[in-house]
Amino acid sequence: MSTESTILSYFALLGLDELPTLDRAALEDAYRRLQSRWHPDQFAGADEVTRARAMRQTSLINDAYTTLRDPVGRAGHLLALRGLDPTRLEQHELAPDFLLSQISWREELEAACAASDEAALLRLDERVEQAFHEAWRSFSTLLRTAELAGAKREFHKLQFLNKLQREIAEAEAALLDD
Amino acid sequence: MALFSISEPGQGKTRAAALHKRAVGIDLGTTNSLVAFAREGKARVLTDAAGNRLLPSVVSYTPDAAPQVGDGSAETVPGQRSVVASVKRLMGRGRADIDYQLPYTLEDDPAGGMPLIGTVAGKVSPVQVSAEILKHLAQRAEAELGGALDGVVITVPAYFDEAQRGATRDAARLAELKVLRLLSEPTAAAVAYGLDKALEGVVVIYDLGGGTFDVSLMQLQEGVFRVLATGGNAALGGDDFDRAIAHWVLRSAGITQPLADAEWHALLMQARALKHALSEAPQVELSWRHWSGILTRDAYHELIDDLIEMTLRVCRRVLRDAGMKVGDLTDIVLVGGATRSPRVREKVSQFFKREPLVSIDPDEVVALGAALQADVLVGNKYGADTLLLDVIPLSLGIETMGGLMEKIIARNSTIPVARAQEFTTYKDGQTAMSLHVLQGERELVQDCRSLARFELKGIPPMVAGAARVRVTFQVDADGLLEVNAEEVTSGVKSSVVVKPSFGLQENDIARMLQSSHTEAASDKARRSLRESQVEALRHVEALEQALARDGEALLDTDERAELQALMEQLRTLAQGEDADAITALTTELNQRSTDFAARRMDAGIRQALAGRSLNDIDQ
């Protein structure tokens, strides 16, 4: 038997406004307040049912915090709250020109790694960062105007750019370690 | 209570002592273990009758007598005595993880768990050996505190994974101790220094023991203390300094032949003495066989600087993982005997640009912090509490098609944490699905640690891809994992709970306890009653929530009334003692509510937290 049904709003859980822009201080504050209230350590002497409930609550709070803190996670959650499935990527949701940029960025990353070229990595990082900001702006606008299909397309761009940024950071770290 | 009201001045203390719950902190170490006790924010190490503070983590077995704990000088005598040391390295590990020499023989457990240690008293598991050490420490504490313990906090290294934490918890259960919390060692060290009482800060815990190095970065903000990142080297410690000196002696003396074990051991002992002497003196004289010479402090530093540099490289990586800079740090805490070395202190303070905290004995700091936390958790509250949040050190996931690991919970996630992900069948009419629970960061299954395998049976036959198997990972505040799988589209409930294969199975623990206990049978019955009560209330609670949400929309008045009556009945029954009846009614409630569950699914209601698999991509 499934116990959950409609999607639970993490914004509501943490008492935050349901917006793409995050009030980071309010998030941290709500997180600490709820953790202090529900953490299983506060129920160390209680019965198992109470402890199990505390564990489920805290898990939920942790998940909410992690999801909202991350811009891409937050964007996905905003889509999910509007009835879209952010985990499902349809073919038509990828713009052909974006696919081409993806390929060329990846090639640049590989070339920079092969040549141990730190400067090239930093340049790539800046451009990807720029692209992320652009995608984020259009995502926010499309979400506000309720153009959900468009917002979802931008969301998948964000996902890709985010992953690429992480790979660039890892490549930089690897260069510094040598 | 009337008796207390006439207490004389000065007796108030006794009364407080009587009401104070007895909880202790235990540092279950590789080489030595300690137990400490705290009251009102002051902690002290508990000693044995002879005044010893450290208990060597050594258990010796003889054919007829009970195991002896703590004799560091005990040696194995074939056929008469088996000495087991450093068992912490085996906790929650498989045979394949142990790629170093051990002074005892390991045998595979036919049940596929941890390797067993062959002793003259028969085979013992690492969990049993650890339980002996825990029992010994508990007895020491009970003798000094004058009564049974109400609970313990046991420390584990921050890098300890699910299986290792599970094994530690099992050892405590075998020793019949109530574990209030498994606390990570760096957190305990920070607590001992009272850093959790500060307003905010970023703290590095640098822990260089005899054979291992660990570093953790922690952040404190408004009463929440969180491990941000950890790193380490399991094969680097103060013993390597001794070896570096010993090798230098051999080189200087021109000895190229390998030494016999006993002679090498003697040389290491001499090296250790030199190491300690060099903390004070600028140079020391030494002789070995025909050779004699002088080791200056500078020359010694040259020998060990590379080793220290290795630890600092790990520190650099941990800072980077957490996105912090040296300038962000507010405190450096030193833990472990090897941090007594002035050279280590010098290098560490150079690297972090800050003087480290050293006022508490680095061998005792972890146990003292654990004691402080035990006192708080058992309910002896004083002052403001700090919440100590831990993370899981390695990602957890499941094997998918093509031998790939699909991460469900990412490493460094704050615990407790729960995540669910849906999988589907890949063959028409498939009625069972086998699930393989994994741990690690690598993509291929073969590079990850296998934690458990189990099967989900009874999936109704459907076309490929139609079944929705929802796998839920739940990690509790101690870092222990429970995995549930259920097929949701049909509403047929079919779920499994797995325990890590390197821990002990529930019945193993029951069996081991039984051998030492006559009332084990009734314990078991009580446990099963307790479990059925918990299970029953869990179902009632879940159904209640579901009804509150969708009951009006999906059920008519009669259907709702029927379920509500059943829930009421089960709630009443769960107060009683009849485990079988409770289980039977729980099952019935489940069956009667499957139709409701199916309707909820059919109505196209999405599961809560749909954003979650997304996070897996993003982390």
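Predicted model, so just to flag it, every value in this text is computed and none were measured. Below, chain A is the first sequence line, B the second, and so on; all start at residue 1.
- The structure places CD of B:Glu422 at 9.0 Å from OG1 of A:Thr87, a figure rounded to the nearest 0.5 Å.
- A 4.5 Å side-chain heavy-atom check between A:Phe43 and B:Leu377 finds every atom pair outside the cut-off.
- Between the CZ atom of B:Arg226 and the CZ atom of A:Arg32 there is a distance of 8.0 Å, given to the nearest 0.5 Å.
- The closest side-chain heavy-atom distance from A:Asn62 to B:Pro416 is below 4.5 Å.
- Within a 6.0 Å radius of CZ in A:Arg24, other residues, nucleotides and ligands contribute more than 12 heavy atoms.
- Note that CG of A:Asp41 is 8.5 Å distant from CG of B:Leu183, once rounded to the nearest 0.5 Å.
- The environment of CD in A:Glu126 is sparse: at most 12 heavy-atom neighbours from other residues, nucleotides or ligands sit within 6.0 Å.
- Within a 6.0 Å sphere centred on CG of A:Asp17, other residues, nucleotides and ligands contribute 12 heavy atoms or fewer.
- Summarising the geometry of B:Ala477 relative to A:Pro40, their closest heavy-atom pair is CB-CG, 4.1 Å, with the distance given to 0.1 Å.
- Residue-environment remark: CD (B:Glu552) stays at or below the threshold of 12 foreign heavy atoms within 6.0 Å.
- Applying a 4.5 Å heavy-atom cutoff, the residues of residues 49-57 of chain A that approach chain B are A:Val49, A:Ala52, A:Arg53, A:Met55, A:Arg56.
- No part of B:Gln533 comes within reach of chain A, as not one of its non-hydrogen atoms sits under 4.5 angstrom from that chain.
- Using a 4.5 Å cut-off on side-chain heavy atoms (C-beta onward), A:His39 and B:Leu388 make no contact.
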